[in-house]
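Data first, discussion second: the structure below is written as C-alpha coordinates.
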Amino acid sequence: MKLNQHTLGAVMPAPSEAFTRAYERALSQIERGETAQRRARPAWRRIGAIALSALLLLATAIGVAEALNLGVIDFLRNIYGPRKVQPLPEANELVQRDLCNETYNGTIVKISEAMYDGGTLRVVYSLTRPEFPNVLTEDDVYDYEGAFHQALWDSGVTVTGGCDFFTIDGVEYTMTGGTSEMTSPGTHPGEVLHFLDIQLQGTGIAPTGKFEVGLKAYKGETNQDQLLRFTMDASNLKGVRMLKAEGPAAQNGATVTVEEARLTPVYVYMRYRVDADAGLSIPEADDRMFDWMSAYPVDKDGNLLVERGEWGPVETPDRQRLQHNAVFVVEYNPIANPPQTLYFAPVTFDGEGNAIADMAKAIELK
(Lines give C-alpha, C1' and ligand atoms only; values in the text may rest on other atoms or scores of the structure.)
Protein backbone atom coordinates (compact mmCIF):
# COMPACT_ATOMS: atom_id res chain seq x y z
CA MET A 1 0.00 0.00 0.00
CA LYS A 2 1.41 3.39 -0.96
CA LEU A 3 1.42 5.71 2.04
CA ASN A 4 0.38 9.28 1.36
CA GLN A 5 -1.71 12.00 2.99
CA HIS A 6 -4.93 10.49 1.62
CA THR A 7 -4.16 7.01 2.95
CA LEU A 8 -3.17 8.28 6.37
CA GLY A 9 -6.10 10.67 6.44
CA ALA A 10 -8.50 7.79 5.83
CA VAL A 11 -7.09 5.87 8.78
CA MET A 12 -6.69 8.86 11.11
CA PRO A 13 -9.29 11.57 10.42
CA ALA A 14 -8.21 15.09 11.32
CA PRO A 15 -9.39 16.31 14.74
CA SER A 16 -12.16 18.87 14.86
CA GLU A 17 -11.50 22.49 15.88
CA ALA A 18 -13.35 21.84 19.16
CA PHE A 19 -11.09 18.88 19.88
CA THR A 20 -7.98 20.94 19.14
CA ARG A 21 -9.12 23.76 21.42
CA ALA A 22 -9.94 21.32 24.23
CA TYR A 23 -6.57 19.60 23.80
CA GLU A 24 -4.69 22.91 23.94
CA ARG A 25 -6.73 23.99 26.97
CA ALA A 26 -5.82 20.75 28.76
CA LEU A 27 -2.11 21.22 28.05
CA SER A 28 -2.30 24.80 29.31
CA GLN A 29 -3.95 23.66 32.53
CA ILE A 30 -1.29 21.00 33.06
CA GLU A 31 1.48 23.57 32.53
CA ARG A 32 -0.12 25.85 35.13
CA GLY A 33 -0.43 22.93 37.54
CA GLU A 34 -4.20 23.22 37.77
CA THR A 35 -5.89 20.17 39.26
CA ALA A 36 -9.30 19.40 40.66
CA GLN A 37 -9.77 17.63 43.98
CA ARG A 38 -12.70 15.64 42.76
CA ARG A 39 -13.08 13.47 39.66
CA ALA A 40 -12.44 16.18 37.10
CA ARG A 41 -13.02 14.89 33.59
CA PRO A 42 -10.40 15.33 30.85
CA ALA A 43 -10.91 18.46 28.77
CA TRP A 44 -11.52 16.49 25.55
CA ARG A 45 -14.87 15.44 26.95
CA ARG A 46 -16.06 18.98 26.41
CA ILE A 47 -16.04 18.33 22.67
CA GLY A 48 -19.30 19.49 21.18
CA ALA A 49 -20.40 21.58 24.15
CA ILE A 50 -19.93 24.72 22.07
CA ALA A 51 -22.43 23.43 19.49
CA LEU A 52 -24.87 22.51 22.22
CA SER A 53 -24.51 25.90 23.90
CA ALA A 54 -25.29 27.59 20.60
CA LEU A 55 -28.38 25.41 20.25
CA LEU A 56 -29.52 26.33 23.75
CA LEU A 57 -29.02 30.03 23.11
CA LEU A 58 -31.07 29.83 19.94
CA ALA A 59 -33.80 27.83 21.68
CA THR A 60 -33.94 30.33 24.53
CA ALA A 61 -34.19 33.21 22.09
CA ILE A 62 -37.24 31.72 20.41
CA GLY A 63 -38.73 30.46 23.66
CA VAL A 64 -38.68 26.70 23.10
CA ALA A 65 -35.77 25.53 25.29
CA GLU A 66 -38.13 23.67 27.60
CA ALA A 67 -39.43 21.62 24.68
CA LEU A 68 -36.00 20.41 23.56
CA ASN A 69 -34.87 16.96 24.61
CA LEU A 70 -31.47 15.96 23.30
CA GLY A 71 -31.16 12.25 22.63
CA VAL A 72 -28.82 9.63 21.20
CA ILE A 73 -29.25 10.74 17.58
CA ASP A 74 -28.62 14.39 18.51
CA PHE A 75 -25.32 13.51 20.17
CA LEU A 76 -24.25 11.32 17.29
CA ARG A 77 -25.24 13.74 14.57
CA ASN A 78 -24.33 17.12 16.00
CA ILE A 79 -21.78 17.16 18.79
CA TYR A 80 -19.63 14.05 18.77
CA GLY A 81 -16.48 15.76 17.51
CA PRO A 82 -14.01 13.45 15.72
CA ARG A 83 -16.44 10.53 15.96
CA LYS A 84 -19.14 12.52 14.15
CA VAL A 85 -21.46 10.33 12.07
CA GLN A 86 -24.65 10.78 10.11
CA PRO A 87 -27.07 7.99 11.11
CA LEU A 88 -29.65 6.92 8.57
CA PRO A 89 -33.30 7.78 9.29
CA GLU A 90 -33.94 4.15 10.23
CA ALA A 91 -31.71 4.63 13.30
CA ASN A 92 -34.64 6.28 15.06
CA GLU A 93 -36.38 2.89 15.18
CA LEU A 94 -33.53 1.51 17.30
CA VAL A 95 -33.96 4.18 19.98
CA GLN A 96 -35.74 3.10 23.17
CA ARG A 97 -37.08 5.87 25.39
CA ASP A 98 -38.06 6.69 28.97
CA LEU A 99 -36.25 3.70 30.45
CA CYS A 100 -35.77 4.89 34.01
CA ASN A 101 -36.73 7.81 36.27
CA GLU A 102 -35.63 7.81 39.90
CA THR A 103 -35.04 10.39 42.64
CA TYR A 104 -32.28 9.94 45.18
CA ASN A 105 -31.79 12.49 47.96
CA GLY A 106 -33.23 15.23 45.77
CA THR A 107 -31.29 14.35 42.61
CA ILE A 108 -33.47 13.21 39.71
CA VAL A 109 -31.78 10.54 37.60
CA LYS A 110 -33.46 9.85 34.28
CA ILE A 111 -32.46 7.57 31.42
CA SER A 112 -34.25 9.27 28.56
CA GLU A 113 -32.91 7.29 25.61
CA ALA A 114 -30.77 4.29 24.78
CA MET A 115 -29.87 2.53 21.56
CA TYR A 116 -28.38 -0.88 20.86
CA ASP A 117 -27.51 -1.83 17.29
CA GLY A 118 -25.77 -5.13 17.96
CA GLY A 119 -22.33 -3.52 18.15
CA THR A 120 -22.63 -0.56 20.53
CA LEU A 121 -24.83 0.36 23.48
CA ARG A 122 -25.45 4.11 23.62
CA VAL A 123 -27.17 5.77 26.57
CA VAL A 124 -28.30 9.33 27.26
CA TYR A 125 -29.17 10.07 30.87
CA SER A 126 -29.63 13.20 32.92
CA LEU A 127 -28.94 14.34 36.47
CA THR A 128 -31.18 17.17 37.67
CA ARG A 129 -31.14 19.30 40.82
CA PRO A 130 -34.51 21.12 40.97
CA GLU A 131 -33.17 23.92 43.19
CA PHE A 132 -31.21 25.33 40.23
CA PRO A 133 -33.78 27.49 38.38
CA ASN A 134 -31.83 28.07 35.15
CA VAL A 135 -30.37 25.99 32.36
CA LEU A 136 -26.81 25.13 33.36
CA THR A 137 -23.82 26.69 31.66
CA GLU A 138 -20.56 25.06 30.65
CA ASP A 139 -18.96 26.51 33.77
CA ASP A 140 -21.63 24.87 35.94
CA VAL A 141 -21.08 21.51 34.27
CA TYR A 142 -17.29 21.50 34.27
CA ASP A 143 -16.62 23.22 37.57
CA TYR A 144 -16.29 20.16 39.79
CA GLU A 145 -15.87 22.37 42.84
CA GLY A 146 -18.97 24.43 42.05
CA ALA A 147 -22.41 24.49 43.64
CA PHE A 148 -24.05 22.08 41.18
CA HIS A 149 -21.51 19.31 41.63
CA GLN A 150 -21.43 19.92 45.36
CA ALA A 151 -25.17 19.26 45.44
CA LEU A 152 -24.68 16.02 43.50
CA TRP A 153 -21.94 14.83 45.82
CA ASP A 154 -23.93 15.76 48.91
CA SER A 155 -26.86 13.70 47.63
CA GLY A 156 -24.63 10.63 47.28
CA VAL A 157 -25.12 10.30 43.53
CA THR A 158 -22.05 8.76 41.92
CA VAL A 159 -23.31 8.44 38.37
CA THR A 160 -20.92 10.45 36.22
CA GLY A 161 -20.06 10.73 32.56
CA GLY A 162 -17.71 7.77 32.85
CA CYS A 163 -18.70 4.29 31.73
CA ASP A 164 -15.75 2.42 33.18
CA PHE A 165 -18.10 0.01 34.92
CA PHE A 166 -21.44 -1.48 33.89
CA THR A 167 -23.35 -4.74 34.05
CA ILE A 168 -25.37 -6.70 31.51
CA ASP A 169 -27.72 -9.28 32.97
CA GLY A 170 -25.80 -9.09 36.23
CA VAL A 171 -22.35 -9.70 34.74
CA GLU A 172 -19.81 -6.94 35.45
CA TYR A 173 -17.72 -5.39 32.68
CA THR A 174 -15.05 -2.70 32.74
CA MET A 175 -14.00 -0.45 29.84
CA THR A 176 -14.78 -2.59 26.83
CA GLY A 177 -12.87 -1.69 23.68
CA GLY A 178 -13.26 1.85 22.40
CA THR A 179 -15.73 2.91 25.10
CA SER A 180 -16.11 6.67 25.49
CA GLU A 181 -18.45 9.31 26.89
CA MET A 182 -19.45 12.97 26.74
CA THR A 183 -20.94 15.44 29.21
CA SER A 184 -22.93 18.54 28.28
CA PRO A 185 -25.36 21.03 29.79
CA GLY A 186 -28.94 19.88 29.53
CA THR A 187 -31.88 21.71 27.99
CA HIS A 188 -33.88 21.95 31.22
CA PRO A 189 -33.12 23.90 34.43
CA GLY A 190 -30.58 22.25 36.72
CA GLU A 191 -29.91 19.41 34.27
CA VAL A 192 -26.67 17.89 33.04
CA LEU A 193 -26.64 15.30 30.24
CA HIS A 194 -24.31 12.33 29.91
CA PHE A 195 -23.85 10.35 26.71
CA LEU A 196 -22.28 6.90 26.98
CA ASP A 197 -20.91 5.06 23.94
CA ILE A 198 -20.20 1.53 25.17
CA GLN A 199 -18.44 -0.52 22.51
CA LEU A 200 -19.36 -4.21 22.54
CA GLN A 201 -18.30 -5.21 19.04
CA GLY A 202 -15.74 -7.99 19.06
CA THR A 203 -15.80 -8.38 22.84
CA GLY A 204 -17.96 -11.50 22.93
CA ILE A 205 -20.72 -9.48 24.63
CA ALA A 206 -23.73 -9.90 22.36
CA PRO A 207 -27.01 -9.72 24.29
CA THR A 208 -30.15 -10.90 22.55
CA GLY A 209 -33.80 -10.50 23.42
CA LYS A 210 -34.48 -8.47 26.54
CA PHE A 211 -31.45 -7.73 28.70
CA GLU A 212 -30.86 -5.68 31.84
CA VAL A 213 -28.19 -2.97 32.00
CA GLY A 214 -26.79 -1.60 35.25
CA LEU A 215 -24.81 1.62 35.72
CA LYS A 216 -23.03 2.50 38.93
CA ALA A 217 -25.33 5.13 40.37
CA TYR A 218 -25.50 5.74 44.13
CA LYS A 219 -23.73 5.25 47.38
CA GLY A 220 -26.26 3.54 49.61
CA GLU A 221 -26.63 3.84 53.36
CA THR A 222 -23.88 1.26 53.83
CA ASN A 223 -21.66 3.20 51.38
CA GLN A 224 -21.95 0.36 48.89
CA ASP A 225 -22.42 1.04 45.19
CA GLN A 226 -26.01 0.77 44.03
CA LEU A 227 -26.91 0.18 40.39
CA LEU A 228 -29.29 2.14 38.22
CA ARG A 229 -31.01 -0.59 36.22
CA PHE A 230 -32.97 -0.48 33.00
CA THR A 231 -34.08 -3.02 30.40
CA MET A 232 -33.28 -3.03 26.68
CA ASP A 233 -34.93 -5.13 23.99
CA ALA A 234 -32.71 -6.52 21.23
CA SER A 235 -35.22 -9.01 19.87
CA ASN A 236 -35.98 -7.03 16.71
CA LEU A 237 -33.18 -4.68 15.65
CA LYS A 238 -34.62 -3.01 12.57
CA GLY A 239 -32.17 -2.20 9.84
CA VAL A 240 -29.45 -4.43 11.32
CA ARG A 241 -28.04 -7.12 9.04
CA MET A 242 -25.24 -9.58 9.67
CA LEU A 243 -22.94 -10.48 6.79
CA LYS A 244 -20.86 -13.60 6.38
CA ALA A 245 -17.78 -14.54 4.37
CA GLU A 246 -17.40 -18.06 3.02
CA GLY A 247 -14.28 -18.63 5.09
CA PRO A 248 -10.69 -17.46 5.62
CA ALA A 249 -9.20 -16.11 2.40
CA ALA A 250 -5.62 -17.19 1.70
CA GLN A 251 -3.91 -14.73 -0.62
CA ASN A 252 -0.36 -13.69 -1.48
CA GLY A 253 1.33 -14.85 1.72
CA ALA A 254 -1.45 -13.94 4.14
CA THR A 255 -4.77 -15.28 5.39
CA VAL A 256 -7.60 -12.82 6.01
CA THR A 257 -10.54 -13.86 8.19
CA VAL A 258 -13.64 -11.69 8.54
CA GLU A 259 -14.74 -12.42 12.10
CA GLU A 260 -17.67 -10.00 12.24
CA ALA A 261 -19.48 -7.88 9.68
CA ARG A 262 -22.64 -5.98 10.55
CA LEU A 263 -24.65 -3.36 8.69
CA THR A 264 -26.66 -0.98 10.88
CA PRO A 265 -28.32 2.43 10.37
CA VAL A 266 -25.62 3.93 12.61
CA TYR A 267 -22.38 2.23 11.59
CA VAL A 268 -21.00 -0.55 9.48
CA TYR A 269 -19.00 -2.71 11.90
CA MET A 270 -16.09 -4.84 10.72
CA ARG A 271 -13.72 -7.03 12.69
CA TYR A 272 -11.14 -8.97 10.70
CA ARG A 273 -7.90 -10.82 11.31
CA VAL A 274 -4.81 -10.86 9.13
CA ASP A 275 -2.20 -13.63 9.54
CA ALA A 276 0.99 -13.38 7.50
CA ASP A 277 2.57 -16.69 6.56
CA ALA A 278 5.10 -17.89 9.11
CA GLY A 279 7.94 -18.12 6.56
CA LEU A 280 7.80 -14.43 5.66
CA SER A 281 10.43 -12.00 6.89
CA ILE A 282 9.29 -9.11 9.10
CA PRO A 283 9.39 -6.59 6.19
CA GLU A 284 7.38 -9.02 4.03
CA ALA A 285 4.87 -9.55 6.84
CA ASP A 286 4.60 -5.78 7.30
CA ASP A 287 3.70 -5.42 3.62
CA ARG A 288 0.81 -7.88 4.06
CA MET A 289 -0.43 -5.97 7.12
CA PHE A 290 -0.20 -2.63 5.32
CA ASP A 291 -2.32 -4.04 2.51
CA TRP A 292 -5.23 -4.42 4.94
CA MET A 293 -4.69 -1.40 7.17
CA SER A 294 -6.96 0.56 4.85
CA ALA A 295 -9.76 -1.79 3.81
CA TYR A 296 -13.30 -0.75 2.93
CA PRO A 297 -16.66 -2.20 1.91
CA VAL A 298 -17.02 -1.84 -1.86
CA ASP A 299 -19.45 -2.98 -4.55
CA LYS A 300 -18.72 -5.55 -7.24
CA ASP A 301 -17.04 -2.90 -9.38
CA GLY A 302 -14.75 -1.72 -6.59
CA ASN A 303 -16.63 1.49 -5.82
CA LEU A 304 -16.50 2.64 -2.19
CA LEU A 305 -19.79 2.17 -0.33
CA VAL A 306 -18.73 4.34 2.63
CA GLU A 307 -17.04 7.72 2.93
CA ARG A 308 -14.85 7.14 5.94
CA GLY A 309 -13.85 4.61 8.55
CA GLU A 310 -12.60 4.80 12.11
CA TRP A 311 -10.00 2.24 13.10
CA GLY A 312 -10.07 1.07 16.69
CA PRO A 313 -7.27 -0.54 18.70
CA VAL A 314 -5.31 -3.21 16.82
CA GLU A 315 -5.00 -6.53 18.63
CA THR A 316 -2.20 -9.08 18.28
CA PRO A 317 -3.61 -12.48 19.34
CA ASP A 318 -0.35 -14.36 18.85
CA ARG A 319 2.14 -12.51 21.04
CA GLN A 320 5.01 -14.68 19.78
CA ARG A 321 4.50 -13.39 16.23
CA LEU A 322 3.70 -9.70 16.76
CA GLN A 323 4.58 -8.62 13.22
CA HIS A 324 2.75 -11.53 11.62
CA ASN A 325 -0.81 -11.18 12.92
CA ALA A 326 -3.33 -8.52 13.82
CA VAL A 327 -7.05 -8.11 14.44
CA PHE A 328 -8.56 -4.87 13.14
CA VAL A 329 -11.80 -3.38 14.48
CA VAL A 330 -13.29 -0.71 12.24
CA GLU A 331 -16.46 1.39 12.18
CA TYR A 332 -17.63 2.98 8.93
CA ASN A 333 -20.41 5.40 8.18
CA PRO A 334 -23.69 3.59 7.40
CA ILE A 335 -24.65 2.51 3.88
CA ALA A 336 -28.00 3.62 2.51
CA ASN A 337 -29.65 0.87 0.43
CA PRO A 338 -26.72 -1.58 0.56
CA PRO A 339 -26.53 -4.25 -2.16
CA GLN A 340 -27.32 -7.83 -1.28
CA THR A 341 -23.69 -8.81 -1.80
CA LEU A 342 -20.79 -6.59 -0.71
CA TYR A 343 -17.05 -6.95 -0.99
CA PHE A 344 -14.33 -6.10 1.50
CA ALA A 345 -11.07 -5.06 -0.12
CA PRO A 346 -7.82 -3.17 0.50
CA VAL A 347 -8.10 0.38 -0.82
CA THR A 348 -5.38 2.84 -1.77
CA PHE A 349 -5.77 6.46 -2.81
CA ASP A 350 -4.02 8.15 -5.69
CA GLY A 351 -2.52 11.62 -5.59
CA GLU A 352 -5.93 13.21 -6.16
CA GLY A 353 -7.63 11.23 -3.41
CA ASN A 354 -9.40 8.78 -5.73
CA ALA A 355 -10.00 5.34 -4.21
CA ILE A 356 -8.55 2.28 -5.89
CA ALA A 357 -9.83 -1.06 -4.58
CA ASP A 358 -7.70 -4.19 -5.04
CA MET A 359 -10.50 -6.48 -6.19
CA ALA A 360 -8.06 -9.37 -6.67
CA LYS A 361 -7.95 -9.57 -2.85
CA ALA A 362 -11.61 -8.70 -2.24
CA ILE A 363 -13.62 -10.91 0.11
CA GLU A 364 -17.29 -11.50 -0.70
CA LEU A 365 -19.79 -10.72 2.05
CA LYS A 366 -23.46 -11.64 1.90
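It should be emphasised that the depicted structure is a prediction, and the values quoted were computed from it without experimental measurement.
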Would a single hydrophobic cluster contain both [Y] and [X], if residues Ile, Leu, Val, Met, Phe, Trp and Tyr are joined by side-chain heavy-atom contacts under 4.5 Å?
X: Met270; Y: Leu88; result: no
X: Ile108; Y: Val135; result: no
X: Ile168; Y: Val240; result: yes
X: Leu200; Y: Tyr173; result: yes

Least distance between heavy atoms, [X] atom then [Y] atom:
X: Ala345; Y: Ala357; value: CB-CB, 4.5 Å
X: Pro185; Y: Leu193; value: O-CD1, 4.1 Å
X: Met359; Y: Val298; value: SD-CG2, 3.8 Å
X: Ala234; Y: Pro207; value: CB-O, 4.0 Å
X: Ala114; Y: Met232; value: CB-SD, 3.5 Å
X: Leu136; Y: Val192; value: CD1-N, 4.1 Å

[X] side, atom [atom1]; [Y] side, atom [atom2] - distance, nearest 0.5 Å:
X: Arg273; Y: Phe328; atom1: CZ; atom2: CZ; answer: 11.5 Å
X: Ile111; Y: Arg97; atom1: CD1; atom2: CZ; answer: 15.0 Å
X: Leu76; Y: Asp197; atom1: CG; atom2: CG; answer: 7.0 Å
X: Arg229; Y: Glu102; atom1: CZ; atom2: CD; answer: 9.5 Å
X: Met293; Y: Asp286; atom1: CE; atom2: CG; answer: 10.0 Å
X: Leu280; Y: His324; atom1: CG; atom2: NE2; answer: 5.5 Å

- Item | Step-by-step ring-ring contact (aromatic ring centres under 6.0 Å, His included) determination, Tyr332 to Tyr267 | CA-CA 5 Å; Tyr332 307 90; Tyr267 279 123; 9.3 Å; no
Are any side-chain N or O atoms of [X] and backbone N or O atoms of [Y], one a donor and one an acceptor, separated by less than 3.5 Å?
X: Asp169; Y: Glu212; value: yes
X: Asp74; Y: Gly71; value: yes
X: Asn92; Y: Pro89; value: yes
X: Asp350; Y: Glu352; value: yes
X: Glu191; Y: Thr187; value: yes
X: Asp277; Y: Gly279; value: no
X: Thr120; Y: Ile198; value: no
X: His194; Y: Ser184; value: no
X: Arg241; Y: Gln340; value: yes

- Show your working on side chain to side chain contact (heavy atoms under 4.5 Å, CB included) between Phe148 and Val141 and close with a plain yes or no. CA-CA 8 Å; Phe148 178 75; Val141 170; 5.8 Å; no
Would you say that [X] contacts [Y] through its side chain, given a criterion of any heavy-atom pair below 4.5 Å between the two side chains?
X: Thr264; Y: Tyr269; answer: yes
X: Val124; Y: Phe75; answer: yes
X: Phe211; Y: Thr231; answer: no
X: Arg129; Y: Ser155; answer: yes
X: Leu305; Y: Leu342; answer: yes
X: Pro189; Y: Phe132; answer: no
X: Asn252; Y: Lys361; answer: yes
X: Leu152; Y: Thr107; answer: yes

- Query: So Tyr144 and His149, would you call those rings parallel, tilted or perpendicular, with 30° and 60° as cut-offs?
  - Reply: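 Ring orientation, 0 to 90° scale: tilted.
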- Item | Residues forming a salt bridge (Lys or Arg N to Asp or Glu O under 4.0 Å) with Glu90, sequence neighbours excluded | none
- Query: Between Asp233 and Tyr116, does a side chain to side chain donor-acceptor pair (under 3.5 Å) hold up when you go through it step by step?
  - Reply: CA-CA 8 Å; Asp233 190 352; Tyr116 176 63; over 6 Å; no
- Message: Apply salt bridge (Lys or Arg N to Asp or Glu O under 4.0 Å) to residues Arg122 and Asp117 and explain how you reach the verdict.
- Response: CA-CA 9 Å; Arg122 301 177 178 90; Asp117 62 4; 3.4 Å; yes
- Query: Which is it for Tyr142 and Thr183 under the side chain to side chain donor-acceptor pair (under 3.5 Å) test, yes or no, and what are the steps along the way?
  - Reply: CA-CA 9 Å; Tyr142 297 111; Thr183 302; 5.7 Å; no
- Does the side chain to side chain contact (heavy atoms under 4.5 Å, CB included) test come out yes or no for Leu228 and Val109, once each step is laid out? CA-CA 9 Å; Leu228 183 68; Val109 184; 3.4 Å; yes
- Partners of Tyr343 by ring-ring contact (aromatic ring centres under 6.0 Å, His included), sequence neighbours excluded?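 Tyr343 satisfies ring-ring contact (aromatic ring centres under 6.0 Å, His included) with no other residue.
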- Stepwise side chain to side chain contact (heavy atoms under 4.5 Å, CB included) check, Leu196 with Leu121: CA-CA 8 Å; Leu196 305 184; Leu121 174 64; over 6 Å; no
- Message: Quick one about Thr137 and Asp139 (side-chain donor to acceptor, distance below 3.5 Å, no hydrogens or angles considered), yes or no?
- Response: no
- Run the salt-bridge test on Asp291 and Arg288 with the 4.0 Å N-O cut-off and return the result as yes or no. no
- Start with the C-alpha gap between Val213 and Thr167, add the side-chain angles, then the distance that decides, and say whether side chain to side chain contact (heavy atoms under 4.5 Å, CB included) holds. CA-CA 6 Å; Val213 180; Thr167 67; 5.9 Å; no
- Candidates Glu260, Glu259, Glu331 - the one meeting salt bridge (charged side-chain N to carboxylate O under 4.0 Å, His left out) with Arg271: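 One option only clears the test, and that one is Glu259.
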- Message: So that I know where these two stand, are Tyr296 and Phe344 an aromatic pair - ring centroids less than 6.0 Å apart?
- Response: no
